Amino acid sequence: MKKILTSTLVASSLLLGTAAASFAEGSEQAADAAKQDQIRANLTGQGYDVRKVDMEDGMYEVYAMKDGKKVQLFLDDSMKIVRTQDIN
Amino acid sequence: MTNANAASEAISPAGQTRVWDPLIRIFHWSLVIAFTANALFVEGDSKIHLWIGYFVAGAVAFRIVWGFIGTKYARFSNFPPNLKGASEQVMEIASNRKRLHMGHTPLGALMIYNLLLTLIVIAASGYLMTTDAYWGVRWMEELHEAAVFWAEFSVALHIAAVIFESLRLKVNLPKAMVTGVKEFRN
């Protein structure tokens, strides 16, 4: 019985470790507040309805709506839009 | 009435019993593949993540229908949520007594309801994240992620419990989910 419990505990902690690691791995993070405000203001001026500003792989990733369409924008460090992606 | 039914299933049979029908087994293992793929490997903002998500939603919808019209051990009436039965099962484990169940055990049943409900939350929040109304809305994304984390925790617990019960009761439960047959050894 003890052996069964031990092996089960080992197996389950390994699994839990995997789950926790995959949770922590989520690479999107909220961008810092000042930058967020700046990006929001900038894009709002260009007619975007900004929903969310994240950091991903060193770039700002913006979720927004424009002309009733969902878009994802990627901005580099200098706030320049390097990629726009329409989501349908 | 349902309690009496559940109790009458908990006999001590020797030999083999066909319990899981083919659709239940296909449901189980395709869900394993789809959930693992989406939770651990496929990027959240990719098209394929959405398609796998729709598949999971469809599989869960099938399972709910099958819970009403399916084969004997697939029906919800065969494993109603039963807290009394579940605590009895805990007592039975604690006191080193063995009682074999043909279909789902009371604790197993609670895990199934937990997983089905969690998958519904994951699929619904995931779908909503793609709608205009919830596009880029952070709390919906957080709900989606929290539900996925809860599902991962539940899956880990489910696997641990299956291993534990297999060893304790000397019934190869993972094999039964492959072949459909529970083999009770005495």
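Predicted, not measured: the structure shown is a model, and the values here were computed from it.
- Only the backbone of B:T131 comes within contact range of chain A, with heavy atoms under 4.5 Å apart.
- By the 30° and 60° cut-offs, the orientation of the rings of B:Y113 relative to B:F76 is tilted.
- Remark: B:H28 engages no residue in a side-chain hydrogen bond (donor to acceptor under 3.5 Å, both in side chains) (not counting sequence neighbours).
- In this structure, the portion of A:V53 lying under 4.5 Å from any heavy atom of chain B is its backbone and not its side chain.
- Ring planes of B:H49 and B:H144: perpendicular class, angle over 60° (limits at 30 and 60°).
- Not counting sequence neighbours, the partners of B:E142 by the side chain to side chain contact (heavy atoms under 4.5 Å, CB included) test are B:R138.
- Chain B forms the most heavy-atom pairs under 4.5 Å with one residue out of A:M65, A:R51, A:K69, and that residue is A:R51.
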